[in-house]
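One structure is given here, and the rest of the page talks about it.
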2 protein chains.
Amino acid sequence: MRPRKANSREKILAAAADVAREAGPGSLSLEAVASRAGVSKGGLLYNFPTKAKLMQGLVESYLRDFQKALEARAAGARHESVLSAYIKLSADDCERPKPPASWMFSAIAEDPDFLTPIKAFKHQLLERLKEETSDLGSLLVCFLAIEGMRSMNLFDSDVLSEDEHKLLVASLLKIAG
Amino acid sequence: MRPRKANSREKILAAAADVAREAGPGSLSLEAVASRAGVSKGGLLYNFPTKAKLMQGLVESYLRDFQKALEARAAGARHESVLSAYIKLSADDCERPKPPASWMFSAIAEDPDFLTPIKAFKHQLLERLKEETSDLGSLLVCFLAIEGMRSMNLFDSDVLSEDEHKLLVASLLKIAG
DNA sequence: TTTACTGTACCGGCTGGACGGTCTTGTCAA
DNA sequence: TTGACAAGACCGTCCAGCCGGTACAGTAAA
């Protein structure tokens with residue numbers, strides 16, 4: 001029996017991320033994703049009429065999830081700054097073993113403009129952080145350092161040891177105040 | 001008359017970087033590179049028998065250039081730390097408009113293992129920086145912030161304004177001591 | 001100094017395979 | 001029975017790598 005109205009979109013998105021991570025971003029083909037998602041190629045194309053739409057879906061779901069996680073953290077401890085929440089969230093996100101979002105490379109290869117929403121999101125986040133601090137210099141250092149953490153995670157470059165990672169996070173929280 | 005012994009390798013490498021930057025990392029085909037370099041496809045394949053070899057060449061030349069630039073800076077001002085030199089070099093590298101090394105995305109798509117030498121290089125650099133400082137926390141913050149700067153540049157995400165960029169660099173130099 | 005040979009650098013058409021996207025043919029729930 | 005959705009064969013395109021050539025420099029025997 002074929003599962004009717006089983007939310008294929010989510011399965012497909014997850015499968016795409018899996019394929020990009022395991023087979024490499026260059027091997028993210030529609031067939032591979034469909035097969036991984038337990039869906040036929042036609043089924044995939046029904047949900048995402050084009051490869052570009054699939055990438056777009058990946059970007060949007062990524063941003064949505066991140067936003068939700070950040071909001072949850074910020075609401076969970078209202079006495080601390082959003083910057084602290086962002087630092088801690090990113091520290092957790094980059095804890096190994098964490099699946100890096102390799103699909104991003106596929107998206108960039110497909111069309112570099114897929115970065116635009118992400119860029120906009122980051123800009124927006126930075127603006128929000130600026131509002132809650134008076135020390136712009138420290139904020140920038142923290143913001144960029146987090147960016148560095150995330151990028152290392154994305155590139156799967158675990159240059160830092162576990163201890164160094166913890167020390168870094170502690171230092172950032174101290175700078176953030 | 002065909003230019004004999006005109007160093008095609010360099011021209012091809014430069015052309016590959018250009019194509020990746022201008023046409024997008026997903027459009028880096030051998031034909032496009034050959035045409036851009038003013039070389040036939042056969043000529044390209046003569047110099048780089050495989051696309052993977054071309055990517056490898058890109059990585060190696062990138063690392064070699066970076067190493068040279070860093071050494072030059074470090075030697076140029078021997079009274080300051082290597083970390084300071086690294087900060088300043090990266091700040092200059094990320095000054096817009098600077099061609100981001102989009103070819104890296106093509107390389108990753110071809111085979112994620114092309115990152116290995118880069119990872120190793122960074123690790124080595126970090127070890128070297130560790131030797132000259134006693135404050136590991138500050139070093140890590142600086143190192144990661146630079147990483148963030150470079151990643152933003154690579155992704156062509158100019159989230160920071162000119163002034164913010166300068167403030168960031170100043171703050172980093174202050175932290176680096 | 002002519003001729004024959006060798007190795008280097010480069011050319012460009014070809015092909016086999018992979019991939020994105022379409023189309024026809026189902027198939028189940030209402 | 002109908003319509004939303006899924007299956008997978010199929011088609012056109014693109015591209016990496018191959019291969020048979022060409023041009024030329026050097027060498028050296030004749």
Side-chain angles (χ1 to χ4, degrees), chain A residues 1-20 22-59 102-103 105-114, chain B residues 1-20 22-59 102-103 105-114:
Chain A
M1 57 177 174
R2 194 146 27 96
R4 220 105 261 275
K5 193 55 198 165
N7 206 343
S8 295
R9 275 187 69 97
E10 302 304 317
K11 274 199 308 185
I12 291 170
L13 255 13
D18 288 349
V19 170
E22 286 165 23
S27 308
L28 200 154
S29 67
L30 296 186
E31 271 108 346
V33 173
S35 147
R36 177 77 181 226
V39 158
S40 76
K41 200 174 169 188
L44 196 168
L45 268 308
Y46 180 80
N47 286 278
F48 299 95
T50 226
K51 195 178 190 181
K53 292 280 184 190
L54 174 59
M55 300 304 176
Q56 191 185 331
L58 247 5
V59 171
S102 312
W103 56 263
F105 298 125
S106 318
I108 294 171
E110 178 75 20
D111 182 352
D113 285 349
F114 281 123
Chain B
M1 55 180 174
R2 195 143 30 94
R4 219 112 258 282
K5 192 55 196 162
N7 204 343
S8 294
R9 274 186 72 97
E10 301 304 318
K11 274 199 307 183
I12 291 170
L13 254 14
D18 288 349
V19 170
E22 287 165 23
S27 307
L28 201 155
S29 67
L30 296 189
E31 271 110 346
V33 174
S35 149
R36 178 76 181 227
V39 158
S40 78
K41 199 167 172 194
L44 197 167
L45 267 312
Y46 178 80
N47 287 278
F48 298 96
T50 223
K51 195 177 188 180
K53 292 281 184 190
L54 174 60
M55 299 304 172
Q56 192 185 332
L58 247 6
V59 171
S102 312
W103 56 262
F105 297 125
S106 317
I108 294 170
E110 179 74 22
D111 183 352
D113 286 348
F114 281 123

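Below, read A as the first sequence line, B as the second, and so on, with proteins coming before strands; counting in each chain starts at 1. Here the structure is a predicted model, which is why all the values come from computation and not from measurement.
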- Message: Go nucleotide by nucleotide along DNA chain C from the 5' end; which of A:G26 and A:G42 gets its closest nucleotide reached first?
- Response: A:G26
- Item | Closest non-hydrogen atom pair between B:A20 and B:S106, with its separation | CB-OG, 4.3 Å
- Task: Specify the closest pair of heavy atoms between A:L28 and A:A16, including all atoms of both residues, with the distance to one decimal.
- Result: CD1-O, 3.6 Å
Who are the side-chain contact (heavy atoms from CB on, under 4.5 Å) partners of [X], not counting sequence neighbours?
X      : result
B:A32  : B:V19, B:S29
B:T50  : B:A52, B:K53
B:A14  : none
B:A109 : none

Counterpart residues, side chain to side chain donor-acceptor pair (under 3.5 Å), relative to [X] (two or more places apart):
X      : value
B:E110 : none
B:E22  : B:R36
B:K41  : B:E31

- Query: Is B:S40 near enough to C:dG12 that one of its side-chain N or O atoms lies under 4.0 angstrom from OP1 or OP2?
  - Reply: no
- Message: As a test of reading the structure: which of D:dG8, D:dC15, C:dC19 is closest to the side chain of A:S29, going by heavy atoms?
- Response: C:dC19
- Base, sugar-phosphate alone, or nothing: which one does A:L28 contact when heavy atoms must sit under 4.0 Å apart? sugar-phosphate
In whole Å, I'd like the distance from the [atom1] atom of [X] to the [atom2] atom of [N].
X     : N      : atom1 : atom2 : value
A:L30 : D:dA7  : CG    : P     : 15 Å
A:E31 : C:dG20 : CD    : C1'   : 8 Å
B:R9  : C:dC10 : CZ    : P     : 12 Å
A:M55 : C:dG20 : CE    : C1'   : 11 Å

- Donor-acceptor pair under 3.5 Å, A:K41 side chain vs D:dA6 base: no
- Query: Near DNA chain C, which residues from residues 44-53 of chain B have a heavy atom under 4.0 Å away?
  - Reply: B:Y46, B:N47
Tabulated below should be each protein N or O lying under 3.5 Å from an N or O of nucleotides 11-13 of chain D; please produce it.
none

